[in-house]
Trainee: 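Here's a structure for you.
Only heavy atoms go into these numbers, but all of them, side chains included; no hydrogens, no water, no symmetry mates.
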Amino acid sequence: MATDTMTGMNPVEAFALVGVLGVGAQWLAWRLKLPAIVLMLAAGLIVGPGFGLLQPARDIGPVVQPLISLAVAVILFEGGLTLDLHKLGDAKHGVFRLVVVGAPLGWLLSASALHWGAGLGWEASAVFGGIMVVTGPTVIAPLLRQAKLQRRPANLLQWEAIVNDPVGALAAVLAFEFVLVGREAESLSAALLQLGFGIIVAGGVGLLAGLAISYTFRRAYVPEYMKVPVLFVTLLATFAVPDLMLHESGLLAVTVMGLVIANADLPSFDELRRFKEHATILLVSGVFILLAASMDFASLGQLTWRAGLFVALVILVARPVTVLVALIGTKLPRNEKLLIAFTGPRGVVLVAVAGLFGERLAAAGVEGAGVIGPLAFVLVLVTVVLHGFTLAPFARALGLASTGKPGVLILGGSRFTTSLAEALKREDIPVLIADPNHARLVRPRAANLPVFYGDILGEAAEDSLEILSYDTLIAASDNDAYNTLVATDFGSEYGRENVWQLARVKEGKARHSLPTQLGGRPFGLGKTFGDLDTLMQSGWRVSVTTLSEDYDFETWKSDRKGALLLGRLKEDGTFRRLLSEDADILFPLRAEAEIDALPEEQRESARAALKRRMTEAREAASRARVAAGARLVALVPPEASVPTAPEIETVKTVEKPTAARANAAKTAAKAPPKPA
């Protein structure tokens with residue numbers, strides 16, 4: 001426990017500690033596949049009330065609460081900025097019912113649970129009940145990604161969280177202002193008039209700010225490098241101005257501002273989205289650490305058994321009844337309704353706003369307001385831990401989560417991608433070939449492979465595809481620019497380590513090279529679309545071979561001279577690309593031949609680089625990838641089409657090509673690559 005001998009730290013040290021703990025907890029959560037909020041709360045409790053290393057009020061001073069208020073404003077703006085109404089798809093009706101019917105009903109039931117369960121007065125229950133409408137998009141998004149839910153229930157949960165974030169904050173603001181204004185105003189009519197005026201002003205300020213940003217950005221009145229700073233200062237002003245007339249109404253203003261910008265279809269929206277994502281990660285981390293560190297164990301000690309009753313009523317009664325009643329009359333199947341009904345983790349907005357309003361209500365003498373903060377903390381902790389560890393198995397039990405192996409999304413229909421998809425499908429790996437050119441899909445359709453006709457970046461793909469059921473993208477269409485565009489876009493969705501792309505024509509030349517942040521990681525050992533198509537026309541094919549003690553990698557190489565090793569399949573079915581350094585180590589003769597083909601002045605440096613790559617550690621790591629049990633995915637020439645005896649169990653035999661085709665393949669393999 002904290003001791004009185006702690007002298008504290010200066011504000012710079014405190015902010016540094018908050019940043020390290022917050023971002024570090026999020027990174028650790030990503031590595032361990034755990035809910036980040038749990039680790040952030042634990043870190044804040046340990047350094048705060050646990051050991052007394054960080055006490056925000058002592059180390060940072062009176063600016064802690066204003067900083068938290070601004071952080072909540074930015075987080076709510078981020079929620080509004082995510083409300084692109086065009087992306088609702090077939091979840092639109094369900095989201096509408098969850099907001100229009102579910103939010104008021106949830107407010108009523110939550111307030112009742114607070115009053116009858118936790119024992120709070122009706123004034124405090126009304127304010128806290130409004131905040132409890134929030135389910136927390138910053139919490140639900142990573143949970144959905146981890147659980148790999150099907151598209152529609154995932155959309156419903158995520159959009160409910162996004163929309164209800166500001167709705168819940170607004171409900172709390174309304175109840176909060178009604179309580180305070182009602183106590184100070186001379187009559188009920190005066191209180192309602194002041195409250196309505198504040199809401200109109202806040203909504204108007206947010207609308208005008210959003211329209212102003214949209215107009216000036218679209219007309220290029222603001223240069224690109226100043227758009228994010230202008231957006232940020234406008235956000236701060238939009239939050240501050242309405243607060244002059246009605247406390248906390250700035251939260252409504254920034255949410256409306258984000259909603260307007262999100263639906264303005266701005267060309268520079270990607271830059272704005274990156275800003276809000278980065279800002280939100282930092283602010284969510286900071287707010288959780290500060291709130292947890294500010295928690296007083298003595299205040300938690302005020303809670304009685306009624307706090308447990310309150311949490312049980314929220315999870316088992318208030319949330320399920322709200323969702324099931326709101327979704328009456330929709331066409332959603334019962335299993336989706338049940339999943340949504342019993343999934344309601346609370347997040348940063350609940351803790352932050354509850355802490356702010358609880359203190360102000362307590363200062364105004366409202367009954368029970370002193371335990372709002374501790375109750376919010378306990379509710380968030382229980383719901384996040386509960387749903388963090390039960391959502392995935394619950395969804396699988398209801399048949400709403402992917403239970404199979406992670407899939408591979410392939411961009412571009414061609415001879416090569418069709419052969420690759422067939423090989424992966426034989427290994428029970430889910431595959432999908434997407435192409436905006438209908439003619440390119442004739443071959444994969446004939447092979448009975450799943451296909452998608454259309455732009456993979458379009459709304460139709462987002463509405464009809466289960467994108468989360470795939471974790472790897474291979475951009476292999478005949479259009480290098482399109483490959484680069486799709487790989488760049490999916491890098492943030494799948495992680496850049498899982499997005500690969502064929503070599504571009506002339507990409508080795510300086511004037512045609514691209515920055516490393518564009519496109520995917522190299523795939524196909526430097527072969528372009530044209531190179532691979534030439535090989536496929538000559539009879540090459542993609543095969544998958546399982547190695548064993550009797551059939552090791554060296555035997556595989558001798559049986560398939562000239563084969564191009566594309567990657568390997570892990571035990572869980574994940575497709576992993578062969579890294580370039582692995583290729584150099586596993587195929588040293590090929591690496592030396594490539595160096596000999598270089599101009600003389602480049603050979604010495606190339607050999608030095610190869611020697612550095614071929615260290616003992618990397619060789620051991622590479623050979624581990626081709627140990628017994630490994631499944632190798634390779635593009636093999638025609639003469640290697642007939643498998644040897646040990647391989648027959650895992651690779652289907654195909655008709656051996658004619659001698660003429662085999663000779664043509666040899667000639668094509670020796671010839672220099674041709675541009676597509």
Side-chain angles (χ1 to χ4, degrees), residues 415-416 419-420 422-424 426-427 502-503 522-528 530-569 576-598 606-607 610 613-614 619 622-674:
R415 294 178 177 85
F416 168 69
S419 181
L420 174 62
E422 286 181 303
L424 295 177
R426 285 195 295 268
E427 298 296 317
L502 292 184
F523 180 76
L525 299 177
K527 300 294 184 183
T528 65
D531 298 334
L532 293 173
D533 197 55
T534 299
L535 295 177
M536 298 302 296
Q537 291 185 56
S538 302
W540 289 54
R541 68 178 179 89
V542 178
S543 72
V544 179
T545 307
T546 302
L547 301 182
S548 65
E549 296 292 343
D550 298 328
Y551 193 79
D552 59 12
F553 180 65
E554 296 301 324
T555 307
W556 180 91
K557 283 200 297 183
S558 66
D559 284 348
R560 291 165 177 74
K561 298 185 183 300
L564 301 177
L565 186 53
L566 301 174
R568 62 191 178 90
L569 296 176
R576 285 292 173 260
R577 180 199 59 155
L578 182 73
L579 302 178
S580 57
E581 55 264 30
D582 296 336
D584 292 338
I585 295 166
L586 297 174
F587 300 93
L589 296 179
R590 183 183 301 167
E592 287 288 348
E594 292 177 354
I595 291 176
D596 291 337
L598 295 174
R607 283 195 174 90
L610 177 62
R613 291 196 299 268
M614 295 181 66
E619 182 174 0
S622 298
R623 294 199 179 279
R625 294 186 174 100
V626 291
R631 287 182 290 172
L632 306 183
V633 182
L635 185 63
V636 298
E639 61 268 28
S641 293
V642 178
T644 56
E647 186 193 3
I648 292 178
E649 297 180 358
T650 56
V651 179
K652 293 184 178 181
T653 59
V654 298
E655 182 182 356
K656 186 174 181 179
T658 63
R661 291 180 65 187
N663 292 331
K666 291 180 181 179
T667 304
K670 296 178 180 178
K674 298 180 182 180

Trainee: CG of D559 to OG1 of T545: how many Å apart, nearest 0.5 Å?
Mentor: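 Taking CG in D559 and OG1 in T545, the distance rounds to 9.0 Å.
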
Trainee: If I take atom CG from residue L632 and atom CG from residue L547, how far apart are they, to the nearest 0.5 angstrom?
Mentor: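 If we round to the nearest 0.5 Å, L632:CG and L547:CG are 4.0 Å apart.
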
Trainee: What's the separation between atom CG in L569 and atom CG in L424, rounded to the nearest 0.5 Å?
Mentor: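 Between L569 CG and L424 CG, I get 6.0 Å after rounding to 0.5 Å.
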
Trainee: If I take atom CZ from residue F416 and atom CG from residue L535, how far apart are they, to the nearest 0.5 angstrom?
Mentor: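 The CG atom of L535 is 9.5 Å from CZ of F416, to the nearest 0.5 Å.
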
Trainee: Please report the interatomic distance NZ(K527) to CG(L566), rounded to the nearest 0.5 Å.
Mentor: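 One gets 11.0 Å once the value is rounded to the nearest 0.5 Å.
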
Trainee: Does a side chain donor of either D531 or T528 reach within less than 3.5 Å of an acceptor in the other side chain?
Mentor: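 Yes, a side-chain donor-acceptor pair sits under 3.5 Å.
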
Trainee: If you compare all heavy atoms of T555 against all heavy atoms of D552, which two are closest, and at what distance to 0.1 Å?
Mentor: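 Scanning both residues, the minimum pair turns out to be OG1-OD1, 2.7 Å.
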
Trainee: Considering non-hydrogen atoms only, spot the tightest contact between S543 and R560 and give its length.
Mentor: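 What the structure gives for the nearest pair is OG-NE, 4.3 Å.
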
Trainee: Please name the pair of heavy atoms, one in A503 and one in G526, separated by the smallest distance, quoted to 0.1 Å.
Mentor: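 A503 and G526 have their closest heavy atoms at CB-O, 3.5 Å.
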
Trainee: How far does CG of L420 sit from CZ of R541, to the nearest 0.5 angstrom?
Mentor: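 Between atom CG of L420 and atom CZ of R541 there are 13.0 Å.
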
Trainee: Check W540 against G562 and note the closest heavy-atom contact, atom names and distance.
Mentor: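 Nearest heavy atoms, W540 then G562: CH2-O, 3.4 Å.
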
Trainee: Under a 3.5 Å distance rule, please check whether S419 uses its side chain to pair with a backbone N or O of R415 as donor and acceptor.
Mentor: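 Absent.
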
